[in-house]
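Comments concern the structure below.
In the text below, chain A, chain B and the rest are named by the order of the sequence lines, each starting its count at 1.
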Number of protein chains: 2
Amino acid sequence: MKEKHNTREVILQTATRLFQRQGYNGTGLNQIIEESGAPKGSIYYHFPNGKEEIAIEAISMMRKLVLEGAEKDLTGKDSAAEAFEYYLNNVAAIFDLKSCIDGLSIGLIASETAFTHEQLRYSCEMVFKDLQSQHAQILMQYGFDREQAEELGITITAMIEGACILSITYQDGNPLRRIAKQLSLLLKRSQETQGEKQNGNE
Amino acid sequence: MKEKHNTREVILQTATRLFQRQGYNGTGLNQIIEESGAPKGSIYYHFPNGKEEIAIEAISMMRKLVLEGAEKDLTGKDSAAEAFEYYLNNVAAIFDLKSCIDGLSIGLIASETAFTHEQLRYSCEMVFKDLQSQHAQILMQYGFDREQAEELGITITAMIEGACILSITYQDGNPLRRIAKQLSLLLKRSQETQGEKQNGNE
DNA sequence: CATACTCTAGACCGGTTGGTATAATTTTGG
DNA sequence: CCAAAATTATACCAACCGGTCTAGAGTATG
């Protein structure tokens with residue numbers, strides 16, 4: 001069975017893309033079927049619990065895409081400030097191309113389902129927590145202490161999410177680029193202040 | 001006609017609330033009708049162009065609510081840092097109550113319609129720009145120079161939007177409170193750096 | 001080859017969607 | 001009071017929604 005699971009993967013990839021672009025409520029199964037080329041029977045064969053099950057797996061795929069994309073851009077730089085600025089500028093470049101926005105943001109599906117689909121809300125919460133952790137880990141690798149890294153982790157997660165929404169709305173990478181600079185400054189200053197605090201203790 | 005325009009206002013208020021809570025695609029006209037008590041005929045009488053027209057007016061109402069709510073909290077404080085921290089803590093308190101989230105955020109309707117409803121996207125872009133301007137104006141009132149105020153304006157807009165999404169997803173005001181503190185620090189440091197730059201020039 | 005299992009394919013279903021049409025009711029102003 | 005205008009009320013519509021069902025095609029194995 002050379003193509004085993006291929007239909008399932010195609011459905012999932014199409015759904016992931018469409019859910020990120022239009023949201024859960026704005027994406028119908030028929031659109032997923034058309035754009036993936038998968039037969040309707042296969043949707044329920046592979047995802048017996050229906051649309052919600054597809055969405056939960058799509059959120060999982062978004063998580064993987066976002067974490068991997070960020071990891072790739074955030075490591076191997078001279079400082080946290082440089083790393084996060086580089087990452088956000090890469091995300092901005094994707095918006096400029098107006099191309100596929102997979103793996104950039106989960107804010108849409110998170111906020112639209114928060115009051116109406118508890119399982120999806122919970123899945124998104126877990127992804128956001130993973131993103132916060134990733135950011136905090138990266139900051140610690142660049143020398144931040146744990147407490148500050150954690151507070152900055154959640155702040156960075158929010159900033160990136162908010163910046164993506166602005167760029168999506170403006171259909172332009174410019175908001176992300178401007179916010180990348182401010183995030184860079186924020187990180188530089190935070191690290192300087194941490195340095196002073198450590199010197200002060202000695 | 002003592003109640004002139006009352007039906008129209010009730011429809012609009014209900015729609016504004018529901019669009020903010022569930023988004024545009026997640027809110028059907030029948031739900032607006034039920035929850036507002038308005039007759040279906042009146043929907044098309046008052047909003048002849050249908051759902052999109054309601055949404056455009058709802059976005060306008062959201063704009064008013066957000067701008068007024070922020071104005072009320074952001075003025076009359078000792079510093080920008082204190083003002084924005086106070087504002088975000090008030091927003092957080094609303095999330096803690098799990099009550100009506102009107103006038104807190106437009107990120108959901110903005111992102112879900114960005115690729116599919118150009119008029120709504122445009123309306124949301126204008127609201128975000130107004131929010132940025134408001135934030136920049138407030139910062140200038142507290143002593144920031146124009147250029148820095150504008151860069152911080154867009155950054156604050158993104159941070160608030162992102163923080164609201166996290167709080168919506170976590171169903172908890174805590175993300176907002178934590179980010180309020182980081183925003184306060186960011187503003188303090190930005191103002192100190194601006195002070196040094198001015199001293200350096202003299 | 002036969003059999004069992006996996007997977008596809010697409011018809012079908014009841015319910016919901018946004019919108020239309022028009023009669024009935026209410027309001028307004030002379 | 002009455003006519004005209006404003007507004008309500010509700011039946012109706014085609015299209016779309018997520019989900020069910022079942023025949024049949026494809027694959028693996030003995």
Calculate the interatomic distance between [X] atom [atom1] and [N] atom [atom2]; express it in whole Å.
X: Ile11(B); N: dA9(D); atom1: CD1; atom2: C1'; value: 13 Å
X: Asn25(B); N: dG18(D); atom1: CG; atom2: P; value: 11 Å
X: Ile54(B); N: dG18(C); atom1: CD1; atom2: C1'; value: 10 Å
X: Leu29(A); N: dC17(D); atom1: CG; atom2: C1'; value: 8 Å
X: Ile32(A); N: dC16(D); atom1: CD1; atom2: P; value: 16 Å
X: Asn6(B); N: dA6(D); atom1: CG; atom2: P; value: 18 Å
X: Ile33(B); N: dT16(C); atom1: CD1; atom2: C1'; value: 12 Å
X: Tyr44(A); N: dC21(D); atom1: OH; atom2: C1'; value: 13 Å

Ser105(A) vs Gln20(A), test: side chain to side chain donor-acceptor pair (under 3.5 Å). Steps then yes/no. CA-CA 8 Å; Ser105(A) 161; Gln20(A) 284 196 285; over 6 Å; no
Residue pairs passing the salt bridge (charged side-chain N to carboxylate O under 4.0 Å, His left out) test with at least one member in residues 53-65 of chain B, sequence neighbours excluded, are Arg8(B)-Glu57(B), Arg63(B)-Asp130(B), Lys64(B)-Glu68(B)
query = Are Gln31(B) and Gln22(B) close enough that a side-chain donor and a side-chain acceptor fall under 3.5 Å?
reply = yes
Do Gln182(B) and Thr155(A) have a side chain donor and acceptor closer than 3.5 Å? no
Would a distance-only check, ignoring hydrogens and angles, find a side-chain to backbone donor-acceptor pair under 3.5 Å from Ser42(B) to Ala38(B)? no
Scan nucleotides 8-11 of chain C against the protein and return all N/O pairs shorter than 3.5 Å with their distances rounded to 0.1 Å.
| from | atom 1 | to | atom 2 | distance (Å) |
| --- | --- | --- | --- | --- |
| dT8(C) | OP1 | Thr7(A) | OG1 | 2.3 |
| dT8(C) | OP2 | Ser42(A) | OG | 2.6 |
| dT8(C) | OP2 | His46(A) | NE2 | 2.8 |
| dT8(C) | O5' | Ser42(A) | OG | 3.1 |
| dA9(C) | N7 | Gly41(A) | N | 3.3 |
| dG10(C) | O6 | Gly41(A) | N | 3.3 |

So, does Asn30(A) get its side chain near the phosphate of dC17(D), meaning an N or O under 4.0 Å from OP1 or OP2?
yes
Contacts satisfying ring pair (Phe, Tyr, Trp, His ring centres under 6.0 Å) that involve residues 163-183 of chain A (not counting sequence neighbours) are none
